[in-house]
2 protein chains.
Amino acid sequence: MQDKRVENARERVIESISKNMDIYSVTPSVGRLYGAMFFEKEPMTLDEMKDKLQMSKTSMSTGVRTLIDLNMVDKVWRKGERKDLYEVKSDWYQTFTDFFCIHWRKGIEMNRDACKESIAELMEVLDEDFSTEEKMMAEADLDKMSYALGYYEWLNKVVDLFESRRIFDVIDKEDELR
Amino acid sequence: MQDKRVENARERVIESISKNMDIYSVTPSVGRLYGAMFFEKEPMTLDEMKDKLQMSKTSMSTGVRTLIDLNMVDKVWRKGERKDLYEVKSDWYQTFTDFFCIHWRKGIEMNRDACKESIAELMEVLDEDFSTEEKMMAEADLDKMSYALGYYEWLNKVVDLFESRRIFDVIDKEDELR
DNA sequence: CAGTACATACAGAAAAAACTGTACAAACTA
DNA sequence: TAGTTTGTACAGTTTTTTCTGTATGTACTG
């Protein structure tokens, strides 16, 4: 019974992808949706997804929205088709770097801003106040924040490396076999 | 009132760190714990954490466990001290690469294995079965899986780049100011 | 224009996760 | 040894998230 074997093979990969999408903060259900869509030859409608995954259409709708927000899925236009069509973005390298860059950049920026603001505040205190105990406290915190700041600058450059695609000079893409 | 300003400065950074630790799949509470511990000059006890964060000791216990599992915090030994002491690992560059490597490696490996197994299964089918429809299906899936496999190999090399610390040749660490 | 097909907003149900207090075991103290 | 202190297992509670069904608005069709 070949049918079963082909189906099994596909299902195994879908399940694995689904399990490991937690790194993208994506729920297993949405991961399964992504996996299913990945293997579909043609762009899918919400109803097809619903049938495939045995879930409500509402869930498919929100799931797809999540994947679109993550830049992992595209809405597709096809004339004469009333239903919305969706397909997974075909360039996984791009998908990876996009996700990585957007999320890290956001976090880095927030933390960096907080550090900068607090460092300024502490410097003010150091200038004005001469209570030794207070000063030592402020200085210790200042050191920690400076260290953090340095780390965030570094991380920012790492993100630049991916965003600028220079990472592909450092690590060559595998030959695409398709 | 300098007291407040110093405290504010610290609190701002803790809160920011806490918010952005979702990238490490860490809950804001645990993130706050990490932030508080980061600024503490001396290693902390569970009771100190509990007082600081106004939460139950049980939560501190599980929170610290989480952070230790993530390689972000160390248990510290100090003679004559009955309570367990904890401090955050001081090398954030290492912490980052550790996390990145461990988590991505796990995901990559699982997906790669699933792909390999399924590719083998599909090749078997292609050898045996001559129904054209079946074959086309199997071949299409095989292509997708090969592409995925190539991507995982690439990603694996990226992880190598970090794990081997060669990343620091590509992106220099910021001068540590502390 | 009415009628149908579609996506999604919204409210509620179900499931999962976070958090707490109590109880208990292990390690220490006297 | 008996008596503390400390960390955590566990059960129950609260909060959050995920999922569903119904209802509604919009865009097509004839």
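Every chain is numbered from 1 and lettered A, B, ... according to where its sequence line falls, protein lines coming before strand lines.
- Residue A:Asp141 is tested with B:Arg12, B:Arg10, B:Arg5 for a salt bridge (charged side-chain N to carboxylate O under 4.0 Å, His left out); the sole match is B:Arg10.
- Between B:Phe100 and B:Phe162, the ring-plane angle classifies as tilted under the 30° and 60° cut-offs.
- Relative orientation of the B:Phe38 and B:Trp92 rings is tilted, given thresholds of 30° and 60° on the angle between their planes.
- In this structure, the side chains of B:Asp22 and A:Ser25 stay at 4.5 Å or more apart for every pair of heavy atoms.
- Residues B:Lys75 and A:Thr27 both approach DNA chain D. Their nearest nucleotides, taken by heavy-atom distance, put B:Lys75 toward the 5′ side.
- Here A:Lys75 pairs with A:Asp84, A:Tyr86 under the side-chain contact (heavy atoms from CB on, under 4.5 Å) rule; sequence neighbours left out.
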Atom pairs and distances, side-chain donor-acceptor, residues 62-70 of chain B, under 3.5 Å, sequence neighbours left out:
unit_1	atom_1	unit_2	atom_2	d
B:Thr62	OG1	B:Thr58	O	3.4
B:Thr62	OG1	B:Ser59	O	3.0
B:Thr66	OG1	B:Thr62	O	2.9

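- Near DNA chain C, defined here as any heavy-atom distance below 4.0 Å, the residues from residues 29-37 of chain B are B:Ser29, listed numerically.
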Counting primed atoms, P, OP1 and OP2 as sugar-phosphate and everything else as base, the B/S/- map of nucleotides 20-30 of chain D against protein heavy atoms under 4.0 Å is BBB-----BS-
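- In this entry the distance linking NZ of A:Lys50 with P of C:dA7 reads 11 Å, nearest Å.
- Distance check: A:Lys52 NZ to A:Arg32 CZ gives 13.5 Å after rounding to the nearest 0.5 Å.
- Between A:Leu46 atom CG and C:dA7 atom C1' there is a gap of 7 Å when expressed in whole angstrom units.
- The stretch residues 13-26 of chain A does not touch DNA chain C, since none of its heavy atoms comes less than 4.0 Å from the strand.
- Judged as a side-chain contact (heavy atoms from CB on, under 4.5 Å), and not counting sequence neighbours, the contacts of B:Leu155 are A:Phe96, B:Trp104, B:Ile108, B:Tyr151.
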